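To keep things clear, I will list the structure first and then write my remarks on it.
In this chain, residues are counted from 1 in sequence order. Quick note: numbers below take in every heavy atom, side chains included, and nothing from hydrogens, waters or symmetry partners. Here the structure is a predicted model, which is why all the values come from computation and not from measurement.
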Amino acid sequence: MFTFLVCIAHTAVPAFLHSSLLESFSDRIAHALVMGLVFSGMAFAFVIAPAYVALLLLLRWLKVAARWRVWTLPLLLMAFLLLSIRSTLNKLTPEGERRMFQSSVGVPIPKNARLVLAQHTFALADHRQLWLLEGSPGDFERLVQSRGWAPADRSLLPIAGVAIQRAETYFSPKASWQADVIYWWSADEHSTPIVHREVCLLADSERRRWIVWIVD
């Protein structure tokens with residue numbers, strides 16, 4: 001049972017840490033448990049459990065003490081789990097978020113821009129990601145030009161409803177944030193590097209507070 005729970009944690013813990021875009025803490029827990037049970041559960045049933053049996057037989061043939069036979073695989077899995085958690089936490093640092101932004105959007109965050117908030121989802125069918133940034137109007141223009149975002153109609157604003165709600169919450173202590181412009185970029189099959197297909201950029205009237213929202 002302990003080995004099974006550690007195996008589930010290999011998927012559930014990173015899923016929980018990465019799913020900061022979900023509405024509530026309970027949603028994050030439920031999502032993490034489902035991801036863990038589905039993916040790690042299948043891995044346990046078809047890969048880890050047979051490997052565990054084979055390992056026990058091998059250690060028994062080598063005449064290893066019974067207590068070491070039982071704990072060898074759980075301890076190895078625990079070590080890998082700790083490494084996985086460490087790797088996930090490193091990705092969620094400001095430096096890690098900047099690397100994730102570049103790999104997901106295809107261009108870096110402007111050097112002088114400040115990262116206010118980063119939130120993500122962790123699911124096969126849900127690729128949404130959010131970054132709230134603060135910088136100068138010049139930084140904003142350079143970001144627009146570097147990715148090739150094109151001005152879009154304001155009728156698309158509801159697509160970024162969740163992102164706008166986050167911006168109103170996290171930007172409001174400094175100013176009443178409102179989306180003044182929206183830019184859109186869609187990837188095609190020749191896009192290099194390979195990034196997400198639909199990305200929008202929103203900014204306030206001063207172009208100092210921006211949203212980068214990965215729709216898909």
Evaluate Val199 against Trp149 for side-chain contact (heavy atoms from CB on, under 4.5 Å), listing each step before the verdict. CA-CA 9 Å; Val199 187; Trp149 270 294; 3.7 Å; yes
side-chain contact (heavy atoms from CB on, under 4.5 Å) assessment of Leu132 paired with Phe171: CA-CA 9 Å; Leu132 301 184; Phe171 284 147; 3.8 Å; yes
Please determine whether side-chain hydrogen bond (donor to acceptor under 3.5 Å, both in side chains) holds for the pair Glu198 and Trp184, giving the CA-CA distance in whole Å, both sets of side-chain angles, and the decisive distance to 0.1 Å. CA-CA 8 Å; Glu198 305 289 344; Trp184 197 272; 2.7 Å; yes
Step-by-step side-chain contact (heavy atoms from CB on, under 4.5 Å) determination, Val162 to Arg166: CA-CA 6 Å; Val162 173; Arg166 297 292 197 279; 3.8 Å; yes
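Taking the side-chain contact (heavy atoms from CB on, under 4.5 Å) definition, one finds that Phe39 meets it with Thr11, Met35, Leu124, sequence neighbours left out. With sequence neighbours excluded, the residues that form a salt bridge (Lys or Arg N to Asp or Glu O under 4.0 Å) with Arg128 are Asp126. Looking at residues two or more places apart in sequence or on another chain, you find a side-chain contact (heavy atoms from CB on, under 4.5 Å) between Ile85 and Val13, Leu81, Leu89. Looking at residues two or more places apart in sequence or on another chain, you find a salt bridge (Lys or Arg N to Asp or Glu O under 4.0 Å) between Arg207 and Asp180. Phe25 pairs by the ring pair (Phe, Tyr, Trp, His ring centres under 6.0 Å) definition with Phe16, not counting sequence neighbours.
A heavy-atom distance below 4.5 Å is not found between the side chains of His31 and Leu33. Side-chain contact between Tyr183 and Trp210 is absent, with no heavy-atom pair separated by less than 4.5 Å. Looking only at side-chain heavy atoms (C-beta outward), Leu157 and Ile182 come within less than 4.5 Å of each other.
Figure legend: cation-pi geometry between Arg209 and Trp177 absent, as NZ or CZ is not positioned both under 6.0 Å from the six-membered ring centre and within 45° of its axis.
Val53 and Leu55 fall into different hydrophobic clusters, where Ile, Leu, Val, Met, Phe, Trp and Tyr are joined by side-chain heavy atoms under 4.5 Å apart, directly or via other members.
The side chain to side chain donor-acceptor pair (under 3.5 Å) contacts involving residues 89-99 comprise Glu97-His120, Glu97-Trp131, where partners must be two or more places apart or lie in separate chains.
By the 6.0 Å contact criterion, CD on Glu141 is enclosed, its count of non-hydrogen atoms from other residues, nucleotides or ligands being greater than 12.
Using a distance-only test at 3.5 Å, with no hydrogens or angles considered, a donor-acceptor pair links the side chain of Ser40 to the main chain of Cys7.
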